[in-house]
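In what follows, a single structure is set out as structure tokens and then discussed.
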Number of protein chains: 2
Amino acid sequence: MPSVRDIAKSAGVSVATVSRVLNNSPRVSDEAKRKVLEVANRSRYVATVGKRSTTNIAFVYTGESSLGSPFDATLMRGMALGMEEFGFDLMVLDARRARRRHEAYSHMFMRKGIRGAVLRTTAPTVDICRQIADEGFPAVVVGSRIEEPGVSYIYSDSRQTSQEAVDHLTGLGHRRIAVCLNIVDDSDHADRLAGYRAALASAGIEYDEKMVVRATALREGGAQLIRRLMGMSPRPTAVFITDPYTAMGALNESRKAGVRVPEDLSIVGFDDAELRYMVYPEMTAVCQDALAMGREAFSVLNEMLSIKPAPVSDQVKTTSRSTVIRRSMQTWLEVHDSTGPCPP
Amino acid sequence: MPSVRDIAKSAGVSVATVSRVLNNSPRVSDEAKRKVLEVANRSRYVATVGKRSTTNIAFVYTGESSLGSPFDATLMRGMALGMEEFGFDLMVLDARRARRRHEAYSHMFMRKGIRGAVLRTTAPTVDICRQIADEGFPAVVVGSRIEEPGVSYIYSDSRQTSQEAVDHLTGLGHRRIAVCLNIVDDSDHADRLAGYRAALASAGIEYDEKMVVRATALREGGAQLIRRLMGMSPRPTAVFITDPYTAMGALNESRKAGVRVPEDLSIVGFDDAELRYMVYPEMTAVCQDALAMGREAFSVLNEMLSIKPAPVSDQVKTTSRSTVIRRSMQTWLEVHDSTGPCPP
DNA sequence: CACCTATGATGAAACTGTTTCATGAATTGT
DNA sequence: ACAATTCATGAAACAGTTTCATCATAGGTG
């Protein structure tokens with residue numbers, strides 16, 4: 001564990017200069033900055049003020065993630081439970097804004113006294129998760145299944161329940177069942193599509209690519225979806241919508257377009273909070289427990305942090321990759337009023 | 001600004017013991033703990049590690065506040081904007097869990113490296129806000145108007161718009177207009193009641209206490225409300241519901257009870273996020289911009305923190321009360337489909 | 001051109017808070 | 001009753017940050 005004094009000696013400057021570089025003080029030459037950052041990053045420097053051990057956990061989002069979404073909000077509430085239970089403090093951080101140029105993610109975390117991170121990511125920013133895992137920093141991805149080596153995650157296994165959802169539709173006599181996926185592909189939506197296909201297969205219905213529709217994860221995406229479905233011929237009599245907001249938008253647009261739910265169209269949606277009760281009609285949905293996921297994230301990090309890191313010899317710089325923990329949470333199907341028998 | 005060494009001298013112990021007390025180390029006698037905490041609290045101790053100045057802002061809720069509500073979620077998104085703009089980091093904190101016994105709030109904040117606080121409170125926990133203000137810690141209450149000396153706040157002035165909302169109803173010919181308030185009284189709901197009364201007065205309608213109904217700020221509260229209203233005689237033809245979730249619950253229960261909205265009952269709700277678009281029919285509502293409030297909170301704290309505190313002489317311990325800043329944000333009325341002409 | 005002044009980068013030293021280690025006191029087990 | 005263990009504590013060592021003095025350089029003015 002190098003100190004500022006070690007770095008100073010190695011970089012050929014004073015500790016004062018090292019400290020200035022590490023804190024972005026304006027009065028420092030580019031040359032000194034370059035030298036210090038080079039040594040600091042190479043030696044995996046972590047700031048430990050007076051050997052103080054902080055207990056901050058960061059909730060890291062990546063700018064494109066929707067911090068105010070019901071899922072994130074519920075997640076946050078779950079994390080608040082974890083804070084109490086495991087005695088951590090929670091910091092909210094935008095991974096891309098908070099980091100400085102040429103700074104390793106783990107360095108950025110340590111600079112802020114963060115011991116572990118809960119990562120929230122979307123498909124385009126998966127590389128951030130990979131990089132953090134590569135640096136060996138204790139982190140867990142929540143709400144996405146990132147199949148990269150070294151990446152820990154907690155996700156909801158929605159494949160089985162998605163299949164049940166579509167089984168529910170075939171059980172009601174539906175044969176022309178559409179599925180709506182997000183415009184960006186991720187493992188979750190792949191799971192749901194797999195569940196959809198399995199259910200079709202078990203009901204002896206042939207898979208038809210034209211029944212797979214893409215929409216944005218917004219109200220407007222759901223509206224678009226309904227307009228698309230109504231233009232199809234033959235029309236689907238049911239649709240499985242894999243995103244909460246899209247499902248909500250679809251329900252509302254149906255009403256505007258004069259499509260009766262469930263008489264003309266059965267809709268199975270997705271819910272990670274309470275949305276299914278807010279819409280009309282109350283929505284049959286595949287549900288996941290974002291609250292429990294938030295709490296579980298802290299449990300996982302607690303486990304990671306209680307494993308003592310292997311002592312790194314001064315000579316060999318091993319990449320001390322942290323333990324990989326992967327957990328899957330249950331989802332369940334709730335049948336409400338947006339699904340009904342297939343129209344004749 | 002006392003240091004651990006000053007406190008040690010004053011309390012008659014070593015700096016090591018002071019540090020142990022301040023960090024809840026188990027190996028310390030009650031006697032030493034008492035002496036140190038006494039001096040630390042009296043001298044307004046703040047931890048400044050190596051004169052490092054942290055830039056953490058805390059989002060403080062009080063356990064009873066609903067962290068996962070749309071309002072708080074949107075607020076959080078707004079604060080994320082403020083983080084970027086003003087260069088702060090955000091920490092999430094439960095005021096009551098995080099604090100230790102006999103610890104002043106400002107001490108607790110400083111122990112965690114927090115420079116300023118955004119407070120989210122409900123009526124029963126107003127005293128926490130008052131106490132933090134009394135300690136002179138830079139803090140701003142968001143979403144409540146706390147008329148206590150020294151307390152800064154940002155709130156939505158919903159009085160005027162509430163009046164407009166009820167004007168809208170009287171303009172549609174309604175005469176028997178109920179209002180639904182939260183079961184706990186706070187200044188916001190008082191404002192909305194005042195707006196309601198003003199609108200009645202200007203329309204020449206007499207104020208009737210029986211038309212003031214209380215409900216919890218939950219879906220179920222809204223359901224209860226509808227059952228109450230339907231049992232009244234004569235029945236109100238319109239209701240102004242001052243909480244988003246209550247309004248949502250009322251809309252859904254109306255449908256279940258066979259009450260048509262707006263044909264039988266006009267509903268004006270309240271919205272601080274996007275709820276008005278999620279329900280059916282889309283809800284006429286008094287809207288506030290929680291996003292802007294979150295951002296504004298950081299602006300206010302930035303202002304507070306850039307004012308240098310008066311230097312405290314070693315002899316006179318003045319209570320350095322921080323500047324009081326109060327801002328009000330605009331609310332607006334959006335007319336959608338849950339209000340209509342008064343039935344004959 | 002010479003000289004003074006302002007600015008900027010830097011390091012030694014001073015300072016802040018935390019932890020380790022040694023020490024003496026108190027408690028407990030046999 | 002005595003040894004062993006545990007506990008509370010302070011001195012010292014250590015980690016990071018900032019202040020202050022120093023030196024170099026650039027720029028304006030006679």
Side-chain angles (χ1 to χ4, degrees), chain A residues 1-37 39-41 43-56 89 100 103 107-115 308 311-312 314, chain B residues 1-37 39-41 43-56 100 103 106-115 308 311-312 314:
Chain A
M1 53 296 244
S3 69
V4 278
R5 280 159 179 90
D6 298 333
I7 293 176
K9 194 184 284 180
S10 173
V13 296
S14 71
V15 290
T17 302
V18 174
S19 181
R20 274 187 277 258
V21 170
L22 261 31
N23 291 285
N24 251 9
S25 183
R27 296 283 163 80
V28 61
S29 67
D30 288 345
E31 174 62 12
K33 201 178 292 184
R34 192 192 56 73
K35 281 192 296 189
V36 170
L37 281 180
V39 177
N41 278 333
S43 65
R44 287 276 157 75
Y45 169 77
V46 294
T48 55
V49 176
K51 296 188 180 159
R52 174 223 289 267
S53 56
T54 54
T55 54
N56 293 345
D89 285 327
R100 296 190 189 135
E103 190 180 42
H107 177 185
M108 183 260 285
F109 288 136
M110 280 309 175
R111 180 163 53 79
K112 294 177 178 294
I114 292 166
R115 293 277 290 273
K308 285 274 163 288
V312 179
D314 288 329
Chain B
M1 53 293 242
S3 69
V4 278
R5 281 159 180 88
D6 298 332
I7 293 176
K9 194 184 285 182
S10 174
V13 296
S14 71
V15 290
T17 302
V18 173
S19 180
R20 274 187 278 258
V21 170
L22 261 31
N23 290 285
N24 246 10
S25 183
R27 298 284 161 81
V28 63
S29 67
D30 287 345
E31 174 61 13
K33 201 179 291 183
R34 192 193 55 73
K35 281 192 297 190
V36 169
L37 281 180
V39 178
N41 279 334
S43 65
R44 290 275 154 73
Y45 169 76
V46 295
T48 55
V49 176
K51 297 189 181 159
R52 174 224 286 269
S53 55
T54 56
T55 53
N56 292 346
R100 295 191 191 135
E103 190 181 44
S106 52
H107 176 186
M108 182 260 286
F109 287 137
M110 280 308 175
R111 178 163 54 78
K112 294 178 179 292
I114 292 165
R115 293 277 292 270
K308 284 275 163 287
V312 180
D314 287 329

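The sequence lines fix the lettering, A, B, ..., with proteins before strands; numbering per chain opens at 1.
- When distances run from any side-chain atom of B:Arg27 to the nucleotides D:dT9, D:dT17, C:dT19, the shortest one goes to D:dT9.
- One can place CG of A:Asp30 at 15 Å from C1' of C:dT10, the figure rounded to the nearest angstrom.
- A:Arg5 has its CZ atom 13 Å from the P atom of C:dA14, to the nearest Å.
- Counting only heavy atoms from C-beta on, B:Val13 has its side chain closest to D:dG10 among C:dT18, D:dG16, D:dG10.
- Residue A:Thr17 has a polar side-chain atom (N or O) positioned under 4.0 Å from OP1 or OP2 of C:dG11.
- Using a 4.0 Å cut-off, some side-chain N or O of B:Ser29 falls inside it from OP1 or OP2 of D:dT9.
- Remark: C1' of C:dT10 and NZ of A:Lys35 are 11 Å apart, rounded to the nearest angstrom.
- Among the nucleotides D:dT9, C:dA14, C:dT16, the one closest to the side chain of B:Ala32 is D:dT9.
- Proximity note for A:Ser14 (side chain, C-beta onward) versus D:dG16, C:dG17, C:dG11: the nearest is C:dG11.
- Summarising the geometry, the separation between CG on A:Leu22 and P on D:dA15 is reported as 14 Å, rounded to the nearest angstrom.
- Contact annotation: B:Ser19 side-chain N/O to C:dT19 OP1/OP2 distance is not under 4.0 Å.
- A donor and an acceptor atom never sit less than 3.5 Å apart when one is taken from the side chain of A:Arg20 and the other from the base of D:dG16.
- To the nearest angstrom, P of C:dG11 lies 15 Å from CD1 of A:Ile7.
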